[in-house]
Each structure stands twice: as structure tokens, then as C-alpha cells.
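Here the structure is laid out as C-alpha cells; the discussion comes afterwards.
For clarity, every value in this text was computed on a predicted model and none was experimentally measured. Throughout, protein chains are lettered first and strands after them, A, B, ... in sequence-line order, and every chain is numbered starting at 1.
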Amino acid sequence: MIANLDKTYDHHDVEHRWSSAHWESEGIYGAESSRVLVEGKEPYTVLMPPPNVTGSLTLGHVLNHTLQDIFIRYQRMSGKEALWLPGTDHAGIATQTVVEKKLRAEGVSRRDLGRKGFLEHVWRWREEYGGLILKQLRKLGISCDWRRNLFTMDESASAAVRHAFVSLYRDGLIYRGKRIINWCPVSQTALSDEEVIMKPRKDKLVYVRYPLVKRPGEFITIATVRPETILADVAIAVNPNDPRYRDLIGELAVVPVAGRHVPVIADDYVDIEFGTGALKITPAHDPNDFEVAGRHNLPILCVVGRDGKMTDEFGYAGMDRFDAREKIIADLESLGNLERVEDYEHNVGYSERADVVVEPYLSEQWFVKMKPLAEKALQVVNEGEIRFHPAHWISTYRHWMENIQDWCISRQLWWGHRIPAWYDEEGKIWVAGSYEEACHLAGTDKLIQDEDVLDTWFSSWLWPLTTLGWTGENTDNEDIRAFYPTDTLVTGPDIIFFWVARMIMAGLYFKGDVPFRDVYFTSIIRDLKGRKLSKSLGNSPDPLKVIDAYGTDALRFTIVYIAPLGQDVLFGEEKCEFGRNFATKIWNAARLVFMQREKVFGDIETFGKAYAGFTPDPELLSGAQRWILGRYHEMLVSYHTAFSLFRMNDITRIVYDFFRGDYCDWYLETLKIELTEEIDEQKRRHAVFLAVSILEGFLKVLHPVMPFITEEVWHHIVERKNSESIASSIMPQAEEHWKSSEQEDFTAVQKVISEARSLRAVFGVPHDMNASLVISVQDEPAKRIIAANTHIVTRMTGCTLEIAGKGLQRPPHSASSVVDGSELFMPLEGLISFDKEIARLEKEAGSVSSYVMRMEKKLANKGFVDNAPEEVVENEKRKLAEAKDNLRKLDANLEVLRN
RNA sequence: GGGUGAUUAGCUCAGUUGGUUAGAGCGCUACCUUGACAUGGUAGAGGUCAGAGGUUCGACUCCUCUAUCACCCACCA
């Protein structure tokens, strides 16, 4: 064990020494989360949102997992049984696409391989590349229980999926139906509404004339953005209250190009104001038209196939839908049916994965009835049984729940959980947990399983249950009893509907209880220009490169520091300099403390024995020490409060401000001075104990955010084994009694020092010149503590200090300042410019006098004095008196100078 | 069309129930290589808190409207 830290801080070394691999071999983080709850310990559970197996580490993961790790480490150090459940998601479409692409490059299609052969390829691919994201996550130093790693396609998770499907089906909440769904022509599968992204698109609004069969020369004009679907028109609809068309209802019109006769029908759905007020009805290619057709018993014709190409004749078969659109406009024109074409911008749905326009497609799919599930899920959030942070996401959640649509869960893919439904020879459906069971139910073994697989989210919504070993068969085990409901879910607001909402439904439905208590919605990370990070823009920094350049701790600290609750965050990797500089500062401060320790105690063993069980002794504390102890405990109060309020960026701010602003800038500077004094050995030892113990406390509160450097420095405090970890040490708690009143007094010393330094700087006193400082202090306690710290003032200002009594005359040729009723004079023969000094004091007097005027006006206001709380009024009076006193002194000084 | 959030120093952001002479980091200016640290220290410049009303003794903070930006939801062809 090394007693002293290296001269320079190298994050690579530190991260390597305390790597995830180290802890896995030592069993530290893993062992923390035991399979069975330790007697007397309270559980605390976090669910890791399972990253896609196809994924690689993004800054989104960094923020998300750092936050989870902060919660876990904090709770673990606070004495809870902290369990963090990791895993990966099979990501149906994404994975299948990736593997298909790889195969295509080798000249093989999935159809060539067949279902079984293709799935073997996917599993092999997963073996080879699927672990990448987990390996990268380990670089972040996250302390989850890797032994419990679950994959959504593992047998236990798959069993749970089958069970969930079967029980929802039996309860009548899953049904199969022919409906218009969102179809991705590239992936050739159905999608849920959530997988469709609406984007504005410039199209043409085409006005087409439909001749009326019985009224030669007359026609009805409709407007459409999808003229290629004219071929599948089955009616023209108008509003029954539209006087323009009233007498045409019931007539027949000729569909251009197709030549078919279709009726003119009346339906309230048609908006009189829009377009021409007449609407073509194409039930197979528009969900609204589908409903209208249902109301009017119209036939359904289909002209666009599953590959997005035209299927019908009339010379279009096999054409891409967009090419067909161009061609039909030309054809309409040559037939004389085209009235005009307008530019038109509207929102069009795109497939989330393939980024192509989705096709409304009529097909048989499986659906989950969502309304019954939504009711309770809404209730638990409304009633605060589940809390959202920030709370404003409740409105978004509520709106979705109140307008919920059925969930299309079948996907025409091969990679995923195959739907546990079988068809007998008559086409009757048998839903069961297995083929054998289905055969038993059906009374035959001539069953064919449904070809489709389930939406990936159908396994994700069971995550809080499956990670604890719930399979549907096994619904109660020690894990579930101990850790369900889990505590905190950390996730991005972009998957509030996909995942969060559905997990709540599933938890309530399958387990009868909420899946978690608190949901922390992270910031969305953007680049410095506020754009979303994306591969195509090339604005997405590789976290591993950032880690290599700045360090994991620096990245973790920086990203949490700049990510406020509920706001987007603009990230540039240069910002990590902030975290890196902080880490360096910690390193160097620790070096100073350890150097002092060595001077006083010699070797670390001697120190360690003496330090064990140290508590500060009020009798031995100097003013500065008393002050830093007070500040330390104040910091602890804010720190724990911030945790309870989920204000994670406050945590970093609180810890940073304490360490930089108080511990390093003031306390360590005074420590150096105090230890060079002739003080007795007991005080000297006590001073080092205190410095080390506050450093240790600081390391502990920082540890959840910066696990590596805190671990390293903590191991240098006393001799420790490599298997010991700060992660299993006890989080310090605030002790109110250290918040001493003396604290105010040391502030007086600080103010004198700052003011003296300011005078030196303003008048350009050379740094190696020993100036003198004469001060006159009104306030007795302040005077006492300044006197007690004369040596500190002297050393920190480079001025010999003289404390004068009352009625002090301004020393000649001096610069002056008034602070908190104390007057400071710095005689500077030869350096002082009277004009400069007068100008400076006048400026100061000016601002003080305007403040005095404002305060006088305020206190003269009867309304204020009568209505404001007494303490506020008293405080204002005191502030006015002080300001007036300062002003009087400034004026007196100016008077002397002017004569 | 509905909803949510934002607007504070040149830049990025704090400012927790209304009472501070409105703060930090970066950048900028000056001085300092002092035995922890130049990835540093000290001192300083820099803001009519988006705009207009209102509530109040008192508004960066609460309410209303306006402007700008961002995101989410929505079946108007």
C-alpha cells in the first residue's frame, strides 16, 4: 500500500486499479445485492432499462446509468440492501435488420435460410456482438449485480411472456382482428402507433373530377394527396348538410382510370370546409375510410401490397407507390379528369426504424385492449402511489392514458417471442402456453402455430417482474417478496408510453401492485447547438473516447452537473474539462493533506492507529476549524435533502461548492499556516485528524458521482485492503450541533483578507512588498476573532496587521475600505494616487448611498412596516443602519483626502 | 388543433414555499510559477432577470396576455 499519492493524477491508472473487473473478482458490488434480503436491512431496488443488444454506448446511456449508479451507491452507503438489476433487450426489428443486413452482404437472404436457420444466425450474432454494450457499461464503473444479467429472450423471460399472453387472452384483453394498422413496407411488419413518427412532408394535393353516370357532362371533384389509391375507391362521400351536394347523394360516379361505378354517400365525417367538401372513400388504405365503409356496408379493395408496390391492374401492378402516384397524375391529366394540383404540406407517418412512409394496411393482427388496463394505471399516478420527477410528466402520461388506443402487438418478424396461438384445420384459434397444451385444448395434434412474433415491448413491460424471476408459473419467490415493488426507475421521457406506462399496467395487472415508486425522467442530451444527437449528423461523441481523454469520473460528474431535472442538456466534450479539473483539484488537495499527515505522524500505520474513531474535540478547535466543521455539516444537510428531492444536479453543485469554495480556498490555506505555528502537539495532531476526516467525509458524499478517484484517495487515508471499498462505507450524516455561531466570526476574517487583497491589487502593490494594514473593528466578537487570527491575515495578505482602537485617524497616504462597519487602511506612501483613491471611494460611496436611499424609502413606506413580518422589517432596519454607517465612514475618508 | 417546457452576465446554466446590493463555470482583463494544485491562485470587468399588464407593503420568484425557441400528442382528405 502506497502512503502518498502520485505527484500527478492519471485517471487511466485509477480506473484500471478499481475497475469493474477488480470488483467482480473481489465480489464487492455483486455481493452487496444478495439473493435473499439480509435480515434487518431495508431493500432498495433499481431497474436498469435494458439496452438493445445491437446497441453501443451513447451519452444517453452515460447519463442514465450514472444516475442509477448514484442512487444505488447512495442507498447502499446509507445502509440499504441495494439491488440493481441489469439486462439486455432483444430489440426485435433492430436486431433482425442488423443481422439481415450482414447476411445480405454475404449474399444470403433470410428466406434462403428459413426461419430456423435464420434464428440460429441471430443467436450466434448475439453471442458474438451482443455483449458489447455491457462491456462498455462496465467502463462507466456502474455497480450493478452482473450475476443477475437477464436477456429478454432467456427462457424464464420467454415463459413469462407466454404466460402473460395466455392470461390476457383468457381474460378477453387480447384479441385478433382485421384492422388498418401501420405497416412498414421495408421491414414488412405491422407497427404500433408509438413506433410511427409524424413528420411534415411536402406533397401535392390533387383535385380529381369523377364524372356522374346519370348526368352527362357533370362531375364531382375531390381532393386527395394519394391519387394512386383512386384505383381502390369504393365511394364518394359528402356531408349530408352540404347544400352543394345534397341532391347528388345516391347518384353513381365513375372512378377515373379504373372506370368503376361507385355511389355518392352521405357521412358526417366529411368536413364541409376542407378541400371541395367531397371525399373519396378508399377503405383499404385509410383508417377513417375504413370506418366509413363499415358504416355504409361498402366493399374493400386493395391496390398497395406489403412491399409498398401496386398490386392492381390498370397498368400499375408492380410499380412503387410513389412512382404510381406520378404516373396516375399524368394519366388523369390525359384523360381529362385532372382539375388542378396544389402544393400541400402535411404531417405524414414514418416508420421509426426504417424511416420510410408507413402504409395504412389492412390485415389480421393481434391487439391488446388497453382501456381496462389504463384505468388503474392512471389512478396510481394521479394518487401519487407512483411519483414522477419532474412531476409535470404526469400531464403527458394522463393525456395518453385518457386517449389510449388498442395496442397492436403482432409483428411479421422472425426474431422475437412467437405468439402462443395455434390454428386447427378449421382455422379455429387455440391459445396456450405450449403446443402440447394447445393440442390438449383443441383435441387434435394437427395444429399450426401463428407465424408472427410479439412486439419487443410486450416482453419489456414485464421487466420489473421477470428480472425478479417471475415466470407466470412462479409468481412468488424470495426475490419478489423482498424487492417488489422496486424503488426508482431512471429513464428517458421518450419511452414514457412505450415502456413506463405499460410497465405500470403490467405490474398492476399481473402482480396487483405498482412496479416502482419513483420515476426519474432524465434530460435529453443534445449537441452544443441544441440539436438531437444522431449518427447521420455525426454530432454524437463516442463516450469511450471522452472517457479516455477526460476520465470516467470527469464525464460522470460533468454530465450530472449540467443535466438539470427535466431540461434538455447541451453537451460538448470540452465541458468535461470541468469535471477533469475538479478531479485534479481533489487529487492535489489530498496530496497536501497527506503531506501534512506525514509531517506530523510519519508513516501511515502510526497515523491509522491514532486516527481510528476520531471525533472532533470542541476544546481543540481553532476559529477556522470550527468554521469548516460548521460548513461541512451544513453541506451534509443540503446534500441529503437534495437526494430526497431527486435534485441530482444539486448534489454535484453542493459537493463542488463546498470542496472548492470552502475546503480548498479557505480551510486548507489556513491549515498550512496553522501547522507552521508553534502549537502544542495535541492541537497539531487534532488539526491533521480534522483535515483528514473532513476529506474522508467529502470523499464519501462524492463517491456516488465519482467512484474511481474517491476510491483511490480513500485507500490512501489509512491502510486498507484491496478488497475493501468506500462503496461499502457508511454515508456521513449531518450533526446539527456543529453549526456553531462562531462561524459568522470567521467570515469576518475572510472579509478582511479579501478586502486587503483587493486593495493591494487595485493599487498595484508588488506581491513581494510587505504592506501594512490598519483596521478598526466596531463589533467586539469580530474584533476578537480577527485578533486571534492575526497570523492568518498576515500570511494570506502579505500585510502586517495592526488592530487600532476607536477614533482612529486615517493614516496619511493610505488606501481605505469599509466593510461590515470595520475600516481598513493600507498606508501606501509612493504607490497611492489620490485621484485614483478618491474616484474609487466616490464610486463606492455612490452605490452605498443609492442603496441607503432605497432602503430609507422602503422603511418609510407604512404599508411595508405594517404588513411585512417583524423579523423582515428588523432585518431591513439593521441593513440600513450598517449601510449608513459604512457611508458615513466613506464620506469621512473622502473628506480627509479632499483637503 | 391541443399540451408541456424554456427565455437571468459574451456563452452554458444555478437561483426550493415572494423579502440577497441576483450567483457559478467557461471566456475576458490584471497580477502571481509562493513547498498541494498553472487541469492552479488572487483580484476585477460584465446583468433595467424576453416584453407588457396585474396581484402585493414588496415580484427573477405568483397570475394574465404577447413574442421567440424547443419538444410531445392529434385520423381533416
Distances under 3.5 Å between protein N/O atoms and the N/O atoms of nucleotides 56-59 of chain B, please, pair by pair.
| from | atom 1 | to | atom 2 | distance (Å) |
| --- | --- | --- | --- | --- |
| B:rC57 | O4' | A:Gly863 | O | 3.4 |
| B:rC57 | O2' | A:Asn861 | ND2 | 2.7 |

Give me the distances for all protein-to-nucleotides 43-46 of chain B N/O pairs that come in under 3.5 Å?
| from | atom 1 | to | atom 2 | distance (Å) |
| --- | --- | --- | --- | --- |
| B:rA43 | O3' | A:Ser758 | OG | 3.4 |
| B:rG44 | OP1 | A:Ser758 | OG | 3.1 |

Between the protein and nucleotides 73-77 of chain B, list every N/O to N/O distance that falls short of 3.5 Å.
| from | atom 1 | to | atom 2 | distance (Å) |
| --- | --- | --- | --- | --- |
| B:rC73 | O2' | A:His399 | ND1 | 3.4 |
| B:rA74 | N6 | A:Asn347 | ND2 | 2.8 |
| B:rC75 | O2' | A:Asn288 | ND2 | 3.1 |
| B:rC75 | N1 | A:Asn288 | OD1 | 3.4 |
| B:rC75 | O2 | A:Asn288 | OD1 | 2.9 |
| B:rC75 | O2 | A:Asn288 | ND2 | 3.4 |
| B:rC76 | O2 | A:Asp271 | OD2 | 2.8 |
| B:rC76 | N3 | A:Asp271 | OD2 | 2.6 |
| B:rA77 | OP2 | A:Tyr344 | OH | 2.7 |
| B:rA77 | O2' | A:Ala223 | O | 2.9 |
| B:rA77 | N6 | A:Asp271 | O | 2.7 |
| B:rA77 | N6 | A:Phe274 | O | 2.8 |
| B:rA77 | N1 | A:Asp271 | N | 3.3 |

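Comparing the C1' positions of B:rG54 and B:rA59 gives an interatomic distance of 11 Å, to the nearest angstrom. Look at the C1' atom in both B:rG35 and B:rG41: the space between them is 15 Å, to the nearest Å. Across B:rU17 and B:rC63, the matching P atoms stand 14 Å from one another, rounded to whole Å. B:rC62 and B:rG25 have their P atoms separated by 26 Å, given to the nearest Å.
Residues satisfying the ring pair (Phe, Tyr, Trp, His ring centres under 6.0 Å) test with A:Phe763, not counting sequence neighbours, are none. Under the salt bridge (Lys or Arg N to Asp or Glu O under 4.0 Å) criterion, A:Glu342 pairs with A:Arg340, sequence neighbours left out. Partners of A:Asp662 according to the side-chain hydrogen bond (donor to acceptor under 3.5 Å, both in side chains) rule, which considers only residues two or more places apart in sequence or in another chain, are A:Arg631. Taking the salt bridge (Lys or Arg N to Asp or Glu O under 4.0 Å) definition, one finds that A:Asp233 meets it with A:Lys280, sequence neighbours left out. Evaluation of the ring pair (Phe, Tyr, Trp, His ring centres under 6.0 Å) rule for A:Tyr397 yields A:Phe388 as partners, not counting sequence neighbours. A search for ring pair (Phe, Tyr, Trp, His ring centres under 6.0 Å) contacts involving A:Phe498 returns A:Trp457, not counting sequence neighbours. Take A:Tyr520 and apply the ring pair (Phe, Tyr, Trp, His ring centres under 6.0 Å) test, not counting sequence neighbours, and it matches A:Phe71.
Between A:Arg660 and A:Asp665, none of the side-chain N atoms (NZ, or NE/NH1/NH2) sits under 4.0 Å from a carboxylate O, so this pair counts as no salt bridge. The pair A:Glu228-A:Arg321 fails the salt-bridge criterion, with no side-chain N (NZ, NE, NH1 or NH2) lying under 4.0 Å from an Asp/Glu carboxylate O. Residues A:Glu669 and A:Arg795 are not paired through a salt bridge, judged by the lack of any N-O separation under 4.0 Å between the basic side chain and the carboxylate. A:Asp267 and A:Arg295 are joined by a salt bridge, as a carboxylate oxygen and a charged side-chain nitrogen come within less than 4.0 angstrom of each other. Note on A:Lys879 versus A:Glu882: no salt bridge recorded, every NZ/NE/NH1/NH2 to OD/OE distance being 4.0 Å or above. Taking 4.0 Å as the cut-off between side-chain N and carboxylate O, A:Glu345 and A:Arg201 do not count as a salt-bridged pair. Ion pairing between A:Arg226 and A:Asp286 fails under the 4.0 Å rule for side-chain N and carboxylate O.
For the pair A:Phe582 CZ and B:rG40 P, the interatomic distance rounds to 12 Å; values are reported in whole Å. Atom NZ in A:Lys879 sits about 8 Å away from atom C1' in B:rU21, given to the nearest Å. At whole-Å resolution of the value, NZ in A:Lys857 and C1' in B:rU21 are 16 Å apart. Following rounding to the nearest Å, A:Arg526 (CZ) and B:rA70 (P) show an atom-to-atom distance of 9 Å. One can place CD1 of A:Ile654 at 13 Å from C1' of B:rG15, the figure rounded to the nearest angstrom. Note: CZ (A:Arg647) to P (B:rU17) measures 10 Å, nearest angstrom. Rounded to whole Å, atom P of B:rG10 lies 19 Å from atom CG of A:Leu528. The interatomic distance linking A:Met648 (CE) with B:rC13 (P) rounds to 20 Å, in whole Å.
Checking A:Lys575 against A:Asn886, the closest nucleotide of RNA chain B that is more toward the 5' end is the one next to A:Lys575.
Note on ring orientation: taking the six-membered ring where Trp is involved, the planes of A:Phe582 and A:Phe698 are perpendicular (angle over 60°, cut-offs 30° and 60°). In this pair, A:Tyr663 and A:Phe659 present their aromatic rings parallel. The plane angle is below 30°, not in the 30 to 60° band.
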Starting at the 5' end of nucleotides 22-39 of chain B, put B wherever the base has a protein heavy atom under 4.0 Å, S where only the sugar-phosphate does, and a dash everywhere else.
-> ---S------SS--BB-B

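With A:Phe290 as the aromatic partner, A:Arg179 does not meet the cation-pi criteria of under 6.0 angstrom to the ring centre and within 45 degrees of the ring axis.
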Dot-bracket encoding per residue of RNA chain B, Watson-Crick/G-U cut-off under 3.5 Å, | denoting interstrand = (((((((..((((.....[...)))).(((((.......))))).....(((((..]....))))))))))))....

